[in-house]
Amino acid sequence: MNVKEFVQYRKGVLKDEAASFAKPPKLCIIQANDNPASDAYIRGKLKDSDELGYLSELWKFEPTITQEELLTKIEEANNDPSIDGLIVQLPLPSHIDEAAVKNAVAPEKDVDGFHPMTTFDPCTPKGICDYLAHEGFPFKGKNAVVLGRSNIVGKPMAHMLLKNDCNVTVLHSKTTPEDRKFYIEHADLIVVAIGRMHYLDSSYKYKDSAYVVDVGINRGEDGRLHGDAEPGLPVKLQTPVPGGVGLLTRLALMENLLIAKKNRE
Ligand code: NAD
């Protein structure tokens, strides 16, 4: 199944499951920026929730909101029994401490998986692992290579692959080209998240059984979106950009929201 088909299939399951509750799951999104990219991400989340018959609310504040006011709003959403899942859209204005905000969200409502005590898996790695599992990637003892070590993608991805019993190698900007070649060519799974268009190309010799997951989003000179991997690599499975990890990330948020609802029943 390609990513789009998988997402449609899981959305059907999420919709059916929620129909068994007296009230559908409810998501609250807190936004304290006027960032157009955030607006677009939020529109996507509200649309997904709507499509599944879930409820959602957007609490939008001016970027001039103080940290104290924002924390009070988060507390309000934490204490609102009608809300199952609560996310605070990033980025935050520079005068607000991101860690303080992430830590203020009640762990049982933290469907983004950002709180240190959260029980939820973060959405991008979760979406990727759920899809790989569905596509039969065996995980246990397999050589997984993560390109990129950012806090937002590379590190949580590596952590989740370890949790799934892979042998995990994280490559980054200081990895030598010789080592990079060695690890890529021995990999059963490559997750690339560095933000450089078509960085992973056909100059490497891949295992033909390899899975390639492309997290990168790069705007090309043609004005279109391109991944970190060149399309059509000679591997078993490669996720496209667009229509790949972005969709899986959005799906994982809805999966977490349903889990949050179930946990609170
Ligand atoms: P980032 O800039 O924070 O991190 C890039 C990482 O790549 C760094 O750890 C750096 O060490 C590593 N890197 C840079 N050059 C490298 C090289 N030559 N070889 C190996 N590693 C190298 O970026 P990020 O926030 O992790 O995002 C990465 C990409 O994923 C971006 O294109 C971003 O737009 C995209 N992204 C997509 C989603 C999604 O849901 N689809 C979510 C988040 C990010």
Side-chain angles (χ1 to χ4, degrees), residues 2-4 6-7 10 29 33 35-45 47-48 87-92 98 102 111-114 120-132 144-161 168-187 189-201 203-204 206 211-221 223-231 233 238-256:
N2 66 32
V3 170
K4 277 190 181 149
F6 172 73
V7 169
R10 282 303 306 171
I29 304 175
N33 67 37
N35 181 318
S38 288
D39 291 341
Y41 289 135
I42 290 172
R43 273 199 302 278
K45 292 166 190 178
K47 184 169 154 270
D48 289 341
I87 64 177
V88 182
Q89 182 67 43
L90 300 178
L92 292 168
E98 193 175 296
K102 286 179 175 171
V111 286
D112 255 341
F114 287 160
F120 296 95
D121 289 325
C123 295
T124 297
K126 174 180 167 57
I128 291 171
C129 287
D130 287 353
Y131 177 59
L132 288 172
V145 167
V146 178
L147 279 137
R149 57 173 164 183
S150 72
N151 289 333
I152 188 126
V153 189
K155 283 187 194 130
M157 187 71 232
H159 188 255
M160 195 168 302
L161 290 170
V168 182
T169 308
V170 180
L171 309 182
H172 46 77
S173 51
K174 302 294 182 285
T175 306
T176 65
E178 295 73 27
D179 285 340
R180 188 161 54 238
K181 183 172 183 302
F182 174 85
Y183 285 113
I184 287 173
E185 296 190 355
H186 285 82
L189 168 66
I190 303 166
V191 180
V192 59
I194 62 177
R196 290 199 193 190
M197 183 169 150
H198 299 177
Y199 182 81
L200 207 58
D201 61 18
S203 67
Y204 297 100
Y206 301 91
Y211 288 60
V212 171
V213 175
D214 191 348
V215 187
I217 304 173
N218 311 286
R219 178 82 54 191
E221 281 173 13
R224 301 181 23 198
L225 297 182
H226 298 269
D228 285 357
E230 194 179 276
L233 294 177
Q238 177 177 359
T239 63
V241 176
V245 172
L247 295 180
L248 295 173
T249 301
R250 282 169 59 173
L251 174 67
L253 179 67
M254 295 297 121
E255 300 265 7
N256 277 345

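By convention here, the first residue in the shown sequence is residue 1. In listed order, ligands and their atoms are each counted from 1. Remember, predicted model here, so these are calculated numbers, not experimental data.
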Test item: Tyr204 and Arg180 side chains (from C-beta on) under 4.5 Å apart, heavy atoms: yes

Measure from the side-chain N and O atoms of Asp112 to the backbone N and O of Phe114, and report whether any donor-acceptor pair falls under 3.5 Å. no

Can you tell me which residue and heavy atom of the protein come closest to atom 29 (C) of ligand 1, and the distance to 0.1 Å? Gly195 N, 3.7 Å

How close does the nearest protein non-hydrogen atom get to atom 40 (O) of ligand 1, and which residue and atom is it? Thr249 OG1, 3.1 Å

Proximity winner for atom 16 (C) of ligand 1, if only heavy atoms of Ser173, Gly227, Pro177 are counted: Ser173

Side chain to side chain, Thr239 and Ile128, heavy atoms closer than 4.5 Å: no

Value rounded to 0.5 Å, distance of CZ in Phe182 from OG1 in Thr169: 9.0 Å

Decide, yes or no, whether a salt bridge links Glu255 with Arg10 under the criterion of side-chain N to carboxylate O below 4.0 Å. yes

Is Gly246 close enough to touch ligand 1? Criterion: a residue heavy atom under 4.0 Å from a ligand atom. yes

Going by the order shown, which atoms of ligand 1 are within less than 4.0 Å of some heavy atom of Ile152? 25 (O)

Looking only at side-chain N and O atoms, does Asp228 offer a donor or acceptor that is under 3.5 Å from a partner on Asn218? yes

Determine, considering heavy atoms only, which of Cys123, Ser150, Gly244, Gly148 sits nearest to atom 23 (O) of ligand 1. Ser150

Option of least heavy-atom distance to atom 43 (C) of ligand 1 (set: Leu247, Ile217, Val153): Val153

Would the distance check show the side chain of Asp214 and the main-chain N or O of Gln238 forming a donor-acceptor pair, the cut-off being under 3.5 Å? no

Does only the side chain of Thr124 get under 4.0 Å from ligand 1, or the backbone, or both, or neither? Count heavy atoms. side chain

Using a 4.0 Å heavy-atom threshold (strictly under), name the region of Arg196 that reaches ligand 1: side chain, backbone, both or neither. side chain

Rounded to the nearest 0.5 Å, the CZ atom of Arg149 sits from the OG1 atom of Thr175 at a distance of 7.5 Å

Checking a contact table here: which protein heavy atom is nearest atom 2 (O) of ligand 1, and how many Å away? Ile194 O, 4.5 Å

Could you tell me the residue and atom name of the protein heavy atom closest to atom 18 (N) of ligand 1, and the distance to it rounded to 0.1 Å? Tyr199 OH, 3.0 Å

Measuring from atom CZ of Phe6 to atom CG of Leu247, what distance do you get when rounded to the nearest 0.5 angstrom? 11.0 Å

Show which atoms of ligand 1 fall inside a sub-4.0 Å distance from at least one heavy-atom site of Val215. 30 (O), 35 (C), 36 (N), 37 (C), 38 (C), 41 (N)

Look at atom 9 (O) of ligand 1 and say which protein heavy atom is nearest, naming residue and atom and giving the distance to 0.1 Å. Arg149 N, 2.8 Å

